[in-house]
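This report concerns only the one structure given below.
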Amino acid sequence: MANRSNEGVLQNIDWVLVMLYLVMVTMGWFNIYAAVYNEEYKSIFDTTQSYGMQLVWIVTSLFIAFVILVIDGEFFPRFAWPVYGAFVLLLVAVIFVGAEVKGSKSWIGVGAFRVQPAEFAKFATNLALAKYLSNINIKIEKLSTKLIASALFAVPALIIILQNETGSALVYAAFVLVLFREGLSGNILIFGVAMAILFVLALLVDETVLSIILVGLAAASFIFVRFKMRNIMITGGILVASLAFVHSVDYAFVNILEPHQKKRINVLLGKEVDPKGAGYNVNQSMIAIGSGGLLGKGYLKGTQTKYNYVPEQSTDFIFCTVGEEWGFLGSVIVLGLFVILLLRIIYLAERQRSTFSRIYGYGLASIIFLHLAINIGMTIGLAPVVGIPLPFFSYGGSSLWSFTILTFIFVRLDAYRFQILR
Amino acid sequence: MNLFSDRKYVISTIFITLVVLFLIRLFYIQVINDKYKLAANDNALRHKIEYPERGVIYDRNGKILVYNEAAYDLMVIPKRVKTIDTLDLCNMLQITKESFIEKLTKLKKQKFSSFRPEVFEGEISLETYATLQEKLYKFPGFFVQARTLRKYPLRIAPHALGYVGEVDEKLIASNPYYRMGDNMGLSGVEKAYETPLRGQRGVKIVMVDVYNREKGSFEGGKYDTASVLGRSLTSSIDAELQQYGEKLMQNKIGAVVAIEPATGEILSMISAPTYDPNLLVGRNKKKNYPRMALDTLKPLYNRATMAKYPPGSTFKLLNALIGLHEGVINENTLFSCSRGFHFGGLTVGCHPHASPVNLKFSITTSCNSYYCNTFKNILQKYPKTAIGFNVWRNHVMSFGLGQKFPTDLPQESSGNVPTVKYYDKYHGSGRWNAITVISLAIGQGEMGVTPLQMANFCTVIANRGWFYPPHVIKEVDGGKIDSNLRTKRYTKIEREYFDMVVDGMRNVVMNGTGRIAQLDSLTICGKTGTAQNPHGKDHSIFIAFAPMDKPKIAIAVYVENAGFGATWAAPIASLMMEKYLRREVKRPEMEKRIFEANLLPRKEDWISKK
């Protein structure tokens, strides 16, 4: 039986997804080589350099992928809760025993070997959410369902914030998309967008002026919706909520955010110009990408990334190398690959008989999407500088392993789909 | 169990929309907007300017007059300066923090792009350079650039060679070649031959990393331009003679110019008081120049080419030549002289000597009366004074007086030969005659001649009627100099008249006023002069050439406020000729008297020990 299912796995896995994975990881490796290219260590296999190490991460990732593929498909839904529980505990433990790297206590080390549990908590959370929402008795319309589902990803996110890794925590917002796919009102997305707009306005426009505008808008909408009690209530409610939000944003911005976070937001909004301080990274990143032109400077011919003008050029700012050396053409190819990957995952998710597998697939797509959105957005000055990696491309073992696990669990679940009865 | 499956379209749309937005943005910054490409070049490319070595200047015997010494400038790209340990840098440069900040702010405010490298501290010492080089990575925006400074090993001929200095903003505006901080020749040969001397600046584009470390040349040096070495010059100056002459002229005010008659090459050009040219190099210049410029003895002033002196009695030679040519006198014409020239109420005095006077004797004894008569006759030969005067003036001009030479010495005065217009204005048209301007007969009055013109005048006599424009550079990188300087100029006066005058000059040295200049078998021909000076004691003048046939050297000496020509100028000229023709001076007593004579109101300041 085990033997037969293993044969089945190799026959049934989606090679398109696997090939996409392999192509992107390979491209990532070559770009890391270019980003930190060092003439004294020319070999791409030199493990004293990050490109050599990335190969180690890739090989080990392939091993992990293989292990996942040989695990029985039933394992994942069955052990979703224990895995989730274990990772939540590990995240808490890191706060106390973790090693501090660049101000965030999110690393756990065994000897010289360090990993970031926050990265791995993503797949655990994804499993748990899929497990919870795929329960036959679950009704998303119920408030308790919404609350519990939200809590499932909010809890690890909060713990990660406590580790001082706000960026990584932000990724958990991706699960809202999963909830939306499973029936959460579309208003939640509209609400989210409205909040974002209000947030930006609250920081850009004077509070009093903004309040007057909001009241004005509400008054205008009264005229259009006529004087129906229900509409008045709703509009009024929205108005009050908006005002409260604006005030709390101001309050939070002034009193809660750390100075460096405030600065990053201000720079992004154009309220502050600081090309040497908080704006330095973005400025240099955009110079690197922008200097690539249509066809790029050519492989290993970039100057901005290779010569360290762009900080974190092999990790968070790896896209700069793509932009600089491969130009707009390279940008199109890489972003195109991501779109194909995301759409492929949605296509695969939709063909699942198992709700668990489908939800997991959407979770995977959403996480990759949010990483993509924030990472690329940051490198081209559309999002604040939040240190999260570009999936499959950025240098780093934790990140690559995490995305490999996330992806290959889905590949395994997909291969297992025929063994699940409707 | 697959509710809400249509939402896959919503989610897919969100994914695609965002990526499309990103691509639009990327298209804008990568393809449309050029700003980032420029910024990237600003980041990673450094235009390293390679200053070629300025050309070396040799003397006529191959001795080095000027060469170059390495110097290091600390450069700064103002825009690139980040937060640095200012104090550390200040300590190394030994400047105060305040002046550092002031300097940097000033550079940042410049109208030129503050991405352009500017000199922050010029000519840092070798030790500072060594320590700085190690720590430079700590000071982004700063780098060291090597360049060279002029060095004068013999410390001679500052006025002829000139000096090099930083270009000013006016010049940068008018000449695109130069940039802030560049050096160029500002006077003398350095200025006249600026273009060949400086060569051509090269630019090398190198890539640097964020720590300002060089990472190799950009695109294999495709856009680099090689620097072209400055061309070397061979001066006509004889370093040994120049050095000797400067020593003779020490503690005196005046000028000496010696010319090789056959070529017009200046063998020596001395303006006294002189100075050590090394005092006007680089940092020294900033320190010394203002003080030298204010010095009442005017050491910077090139008296040899710029000072206008009356020619005095030496001018009688010219009047004799004109008189002979115009036929108003001949070799045997006699004029009487009873202690001067008397006409109406006017008297031009003369010293007691035998009378009447013929041409040869008039030169030997420098008789004023003879020349007043001659001059009067020249002008009166023509129906109108103005016509006669112009004839006379054209002759004078043909000797190179009253005008600038087409020379390689940029600071030159044209001297002054008065015009009809001038006298018409001064006395009224037709209201003046030969008697009115009779002082011109003996080289006084409005006549103004530079020592260079005087030496050239002597050259014309030595050559019996022609000259090449005098010049201090004879070869440019072994090649020929400007053809203007190789074109002979002739006077209209016949050779035989010159021979008569030369005969007189020979007699001056043998039996006349210039006996002191006599030197055994050297057939020195000369003429003394004593120029009246309204400001003080007379100037001592002597012009001479030797040997009489096939002359090798023609010389003019002016010593200000020193009295008779025979007292100072003649011995100096004689010693110089001995030095040049014999390479050795064997008149120690005369030499000693000149060396030790101090005719200055105070000590000279600007000569270093030689």
Side-chain angles (χ1 to χ4, degrees), chain A residues 39 134 136 140 177 180-184 186 189 276 283-284 286-294 296-297 301-304 306-311 323-324 327-329 331-332 335-336 338-339 342-343 346-347 349-350 352-355 358 362 365-366 369 372-373 376-377 380-382 422, chain B residues 1-46 79-84 137 140-141 205-216 218-220:
Chain A
E39 291 210 325
S134 60
I136 216 107
I140 193 103
L177 273 177
F180 169 71
R181 167 61 186 86
E182 292 309 310
L184 191 68
L189 297 180
K276 281 171 188 165
N283 199 29
Q284 293 302 329
M286 285 174 72
I287 288 172
I289 295 172
S291 66
L294 185 63
K297 295 177 185 168
K301 288 192 180 147
T303 51
Q304 305 302 298
K306 200 162 72 179
Y307 298 150
N308 292 318
Y309 289 98
V310 181
E324 188 182 10
F328 181 65
L329 186 75
S331 306
V332 170
L335 287 175
F338 271 105
V339 169
L342 291 171
L343 296 183
I346 289 176
Y347 167 75
E350 289 293 341
Q352 301 304 316
R353 293 176 190 170
S354 141
T355 313
R358 182 182 72 228
Y362 269 97
S366 304
F369 173 70
L372 180 76
I376 306 286
I380 56 179
L382 292 178
R422 261 182 208 276
Chain B
M1 240 328 263
N2 196 351
L3 298 166
F4 305 109
S5 94
D6 282 352
R7 288 195 171 177
K8 67 183 178 218
Y9 298 117
V10 178
I11 291 171
S12 302
T13 310
I14 291 172
F15 289 178
I16 293 167
T17 308
L18 188 89
V19 167
V20 168
L21 278 176
F22 280 176
L23 287 175
I24 292 170
R25 169 82 166 176
L26 281 163
F27 188 76
Y28 174 72
I29 67 172
Q30 293 192 290
V31 182
I32 295 175
N33 196 331
D34 274 342
K35 182 176 115 185
Y36 301 101
K37 288 163 198 75
L38 299 175
N41 288 346
D42 267 336
N43 263 347
L45 302 184
R46 291 284 176 284
K79 270 253 170 85
R80 217 172 284 289
V81 176
K82 305 212 176 95
T83 328
I84 55 168
Y137 71 96
I205 307 175
V206 294
M207 299 187 287
V208 294
D209 72 2
V210 72
Y211 308 111
N212 251 324
R213 290 180 300 214
E214 281 183 26
K215 291 286 177 182
F218 177 60
E219 304 224 337

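Order of the sequence lines fixes the chain letters, A, B, ..., with proteins taken first and strands second; residue numbering starts at 1 for each chain. Because only heavy atoms are used, hydrogens play no part in the values below, and waters and symmetry mates are left out as well, while side chains stay in.
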Which atom pair, heavy atoms only, marks the closest approach of [X] to [Y]?
X	Y	result
Glu350(A)	Ser5(B)	OE1-CB, 3.8 Å
Ala44(B)	Gln304(A)	CB-NE2, 3.5 Å
Arg25(B)	Gly381(A)	NH2-O, 3.8 Å
Ala40(B)	Lys297(A)	CB-NZ, 4.2 Å

query = For Val10(B), is it the side chain, the backbone, both, or neither that has a heavy atom closer than 4.5 Å to a heavy atom of chain A?
reply = side chain
ask   = Counting heavy-atom pairs under 4.5 Å to chain A, which of Val31(B), Ile16(B), Leu23(B), Asp34(B) comes out on top?
value = Leu23(B)
ask   = Looking at Leu38(B), Ile11(B), Ile14(B), which one has more heavy-atom pairs under 4.5 Å with chain A than the rest?
value = Ile11(B)
inquiry  = Using modelled atom types and a 3.5 Å cut-off, is there a donor and acceptor pairing between side-chain atoms of Tyr309(A) and backbone atoms of Asn43(B)?
reply    = yes
request  = Ignoring hydrogens and angles, tell me if any N or O in the side chain of Arg181(A) forms a donor-acceptor pair with the backbone of Lys8(B) under 3.5 Å.
outcome  = no
inquiry  = For a side-chain contact (heavy atoms from CB on, under 4.5 Å) check, start with the C-alpha distance between Leu372(A) and Val19(B), then their side-chain angles and the critical distance, and finish with the verdict.
reply    = CA-CA 9 Å; Leu372(A) 180 76; Val19(B) 167; 3.9 Å; yes
In Å and rounded to the nearest 0.5 Å, what is the [atom1] to [atom2] distance from [X] to [Y]?
X	Y	atom1	atom2	value
Gln30(B)	Met286(A)	CD	CE	10.5 Å
Ile376(A)	Leu21(B)	CD1	CG	13.5 Å
Ile380(A)	Leu26(B)	CD1	CG	4.5 Å
Ile346(A)	Arg7(B)	CD1	CZ	14.0 Å
Leu18(B)	Phe338(A)	CG	CZ	12.5 Å
Ser12(B)	Tyr347(A)	OG	OH	13.0 Å

Under 4.5 Å heavy-atom distance to chain B, tell me which part of [X] shows up: side chain, backbone, both or neither.
X	result
Val339(A)	side chain
Tyr362(A)	side chain
Leu177(A)	both

When Gly377(A), Gly292(A), Ala288(A) are compared by non-hydrogen pairs under 4.5 Å with chain B, the top option = Gly377(A)
request  = Using side-chain contact (heavy atoms from CB on, under 4.5 Å) as the criterion, list what pairs up with Asn33(B), not counting sequence neighbours.
outcome  = Tyr28(B), Lys35(B), Tyr36(B)
request  = Give the C-alpha distance, both sets of side-chain angles, the deciding distance and a yes or no for side-chain contact (heavy atoms from CB on, under 4.5 Å) between Phe218(B) and Thr303(A).
outcome  = CA-CA 10 Å; Phe218(B) 177 60; Thr303(A) 51; 5.5 Å; no
